[in-house]
Q: 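Below: one structure in structure tokens.
Source: prediction; values computed, not measured. We number each residue from 1, following the sequence as shown. All values below come from the heavy atoms of this structure, side chains included, with hydrogens, waters and symmetry mates left out.
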Amino acid sequence: MQRVFKQSFMLSVTTAIALLFAGCGESKVAQCNKVIKVANQASSLGQEFGKNPNPAKGSKALTELAGKIDPLTQEMKTLEIKDEKLQGFQGRFITLYQNISKQLN
């Protein structure tokens with residue numbers, strides 16, 4: 001379970017970095033930064049959990065983590081992205097976060 005979770009967050013970070021360097025044009029920079037900001041927040045949560053999984057708490061820790069991911073999913077949904085490529089990334093991040101949250105619960 002943790003392996004899938006870590007891989008998902010690594011994918012998020014990699015995609016966010018790719019977005020940054022893949023040529024967000026002048027008009028897309030602000031939109032790109034919005035997506036990256038949320039993706040980095042989710043990645044930070046995954047990294048924190050990976051460093052301190054606290055097995056003593058067990059499933060409660062996983063449920064708490066899912067509760068922290070849900071607001072990020074909502075934040076990603078509310079971003080107003082006009083660029084089609086960025087909308088694609090946004091949709092994939094939303095799906096990823098929803099799947100992770102569902103698995104953690």
Q: For residues A66 and N105, report the shortest heavy-atom separation together with the two atoms involved.
A: CB-OD1, 3.6 Å
Q: At their closest point, which heavy atom of E80 faces which heavy atom of K34, and how far apart are they?
A: O-NZ, 4.3 Å
Q: Please report the interatomic distance CD(E48) to OG(S43), rounded to the nearest 0.5 Å.
A: 10.0 Å
Q: Without swapping roles, check the side chain of Q31 against the backbone of K82 for a donor-acceptor pair under 3.5 Å.
A: yes
Q: As an exercise, state the distance from CG of N40 to CG of L45, rounded to the nearest 0.5 Å.
A: 11.0 Å
Q: Of all residues at least two apart in sequence or in a different chain, which pass the side chain to side chain donor-acceptor pair (under 3.5 Å) check with D70?
A: S101
Q: My understanding is that only residues two or more places apart in sequence, or in another chain, count here; which of them pass side chain to side chain donor-acceptor pair (under 3.5 Å) with D83?
A: K28
Q: Can you find a pair of side-chain heavy atoms, one from F93 and one from V38, that are under 4.5 Å apart?
A: no
Q: With rounding to the nearest 0.5 angstrom, report the CD to OG1 distance, Q90 to T78.
A: 8.5 Å
Q: Does some side-chain heavy atom of Q98 sit less than 4.5 Å from a side-chain heavy atom of I94?
A: yes
Q: Just how far is it from atom CE of M76 to atom CZ of R92, taken to the nearest 0.5 Å?
A: 11.5 Å
Q: Would you say T95's side chain and G91's backbone share a donor-acceptor pair under 3.5 angstrom?
A: yes
Q: About how many Å separate CD1 of I69 and CZ of F49, when rounded to the nearest 0.5 Å?
A: 9.5 Å
Q: Tell me every residue that passes side chain to side chain contact (heavy atoms under 4.5 Å, CB included) with Q74, counting only those two or more places apart in sequence or in another chain.
A: K77
